[in-house]
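Shown next, in structure tokens, is the structure this report addresses.
Atoms within each ligand, like the ligands themselves, are counted from 1 in listed order. Residues take their numbers from the sequence shown, with the count starting at 1.
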Amino acid sequence: MKRIFITGALGQIGTELVAKCREIYGNDNVLATDIREPEAGSIVAEGPFEILDVTDADKMEQLIADFKPDTMMHMAALLSATAEQKPLLAWNLNMGGLVNALEAARKYDLQFFTPSSIGAFGPNTPKKNTPQVTIQRPNTMYGVNKVSGELLCDYYFTKFGVDTRSVRFPGLISYIKEPGGGTTDYAVDIYFQAVREGKYTSYIDRGTYMDMMFMDDAIDAIIKLMEADGGKLINRNAYNLSAMSIEPEMVKAAIQEHDPNFTVDYDVDPVRQGIAESWPDSIDTSCARGEWGFDPKYDLTAMTKRMLEGIREKENQKA
Ligand code: SER
């Protein structure tokens with residue numbers, strides 16, 4: 001992996017993935033694409049960038065033919081809460097974009113990464129220590145997209161030999177780029193509101209456990225999986241990943257270690273609460289650890305410190 005084509009480069013993961021890949025593989029070896037122009041000052045704009053709507057297969061293939069990458073990281077997607085509001089748009093974008101990307105990877109012989117999610121599990125999946133291989137009958141459009149995506153990636157590997165690799169990301173927490181339209185977003189918003197307002201109103205109820213991970217660990221995991229010996233990958237599409245299983249009161253307590261006056265109250269959103277309740281409480285990551293050395297560094301305490309420091313620094317720069 002040395003020349004990388006990235007879709008959805010301005011999203012929550014894409015933004016930091018582009019920066020890290022450019023740091024490792026060289027600025028000019030990473031082509032960032034997204035449906036809109038980067039904002040002024042975006043780190044994504046500090047290297048090659050092209051506008052791309054992933055449902056436009058012709059433009060995608062043209063950009064690949066010109067850039068000549070050996071790897072594709074397909075990050076463009078709608079998240080769970082937005083997908084529930086606009087299910088048909090989600091199907092067209094999440095599945096249409098993925099099949100276009102896989103076709104491009106097949107034709108141009110690209111190693112391929114796309115993320116799956118804890119959203120690929122559903123209400124009848126075992127909730128605690130959810131195994132790598134288990135029941136996947138999600139009841140959300142996002143979940144349907146993610147399970148279909150895992151199967152499609154497996155199909156392109158077994159049928160056409162495309163080197164597809166994927167992970168089931170938990171909620172990802174970062175201060176560089178805020179997420180939009182996800183169910184796990186509360187665990188990002190809570191830190192921003194802690195710094196800005198000293199209080200937070202949570203749309204996810206107390207006691208609702210979900211898996212989470214700090215963005216640095218997520219980006220490291222992508223790079224590690226893509227660099228791993230393909231012969232050792234048994235589960236390919238897609239590995240369970242998580243660094244912590246947490247609920248809002250735990251995040252509140254971790255923030256209160258830094259700001260004892262921080263408070264949380266609740267105004268539960270039935271749609272996102274329903275989605276959260278259909279997902280596991282905690283997933284088993286032993287296959288990722290065993291097959292390619294997944295080893296996250298951040299627990300809730302370490303992540304909270306980094307989040308508060310990072311957000312305070314950003315707020316100070318704005319002031
Ligand atoms: N963070 C995503 C969401 O909440 C889960 O993959 O939609």
Side-chain angles (χ1 to χ4, degrees), residues 8 10-17 73-87 89-91 93-95 97-98 113-123 125 127 130 136 138-150 153 166-192 202-205 208-219 221-222 237-248 251 268-283 285 288 296 303 307:
L10 298 175
Q12 189 207 11
I13 307 174
T15 302
E16 293 190 49
L17 182 63
M73 295 183 175
H74 176 59
M75 312 306 289
L78 287 189
L79 291 185
S80 57
T82 313
E84 231 25 51
Q85 282 159 0
K86 299 176 184 164
L89 175 68
W91 178 267
L93 176 67
N94 291 353
M95 299 315 300
L98 178 60
F113 175 84
T114 197
S116 184
S117 160
I118 51 170
F121 297 118
T125 302
K127 275 206 164 314
T130 306
Q136 289 183 270
N139 58 359
T140 62
M141 177 50 91
Y142 183 69
V144 170
N145 295 166
K146 289 300 178 189
V147 175
S148 311
E150 291 183 9
C153 287
S166 180
V167 298
R168 293 179 186 133
F169 274 136
L172 297 181
I173 300 175
S174 68
Y175 58 86
I176 305 286
K177 176 81 198 259
E178 292 173 63
T183 299
T184 56
D185 295 5
Y186 91 85
V188 178
D189 300 341
I190 194 169
Y191 289 105
F192 278 89
S202 177
Y203 61 82
I204 292 292
D205 208 356
T208 310
Y209 283 83
M210 284 185 277
D211 286 285
M212 304 277 173
M213 185 156 74
F214 190 51
M215 186 62 81
D216 286 22
D217 283 330
I219 302 295
I222 297 174
N237 303 295
Y239 289 93
N240 283 5
L241 297 189
S242 173
M244 63 197 86
S245 161
I246 56 177
E247 56 89 27
V251 189
V268 173
D269 167 19
V271 174
R272 286 177 287 184
Q273 181 64 27
I275 295 174
E277 284 174 12
S278 78
W279 290 353
D281 289 354
S282 61
I283 64 176
T285 60
M303 179 177 82
M307 284 296 287

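Here the side chain of Y142 pairs no donor or acceptor atom with the backbone of T82 at under 3.5 angstrom. At distances below 3.5 Å, not a single donor-acceptor pair connects side-chain atoms of T183 with backbone N or O atoms of S80.
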Please determine whether side chain to side chain donor-acceptor pair (under 3.5 Å) holds for the pair Q273 and T208, giving the CA-CA distance in whole Å, both sets of side-chain angles, and the decisive distance to 0.1 Å. CA-CA 8 Å; Q273 181 64 27; T208 310; 3.0 Å; yes
Let me see the working for D211 and S242 under side chain to side chain donor-acceptor pair (under 3.5 Å), right down to the final yes or no. CA-CA 6 Å; D211 286 285; S242 173; 2.6 Å; yes
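Between E150 and R168, at least one side-chain nitrogen of the basic residue sits less than 4.0 Å from a carboxylate oxygen of the acidic one, meeting the salt-bridge criterion.
Within 4.0 Å of ligand 1, heavy atoms belong to protein residues L79, S80, S117, Y142, G182, T183, T184, W279.
In terms of the side chain to side chain contact (heavy atoms under 4.5 Å, CB included) criterion, residue partners of A187 (sequence neighbours excluded) are, by chain and number, I173, M212.
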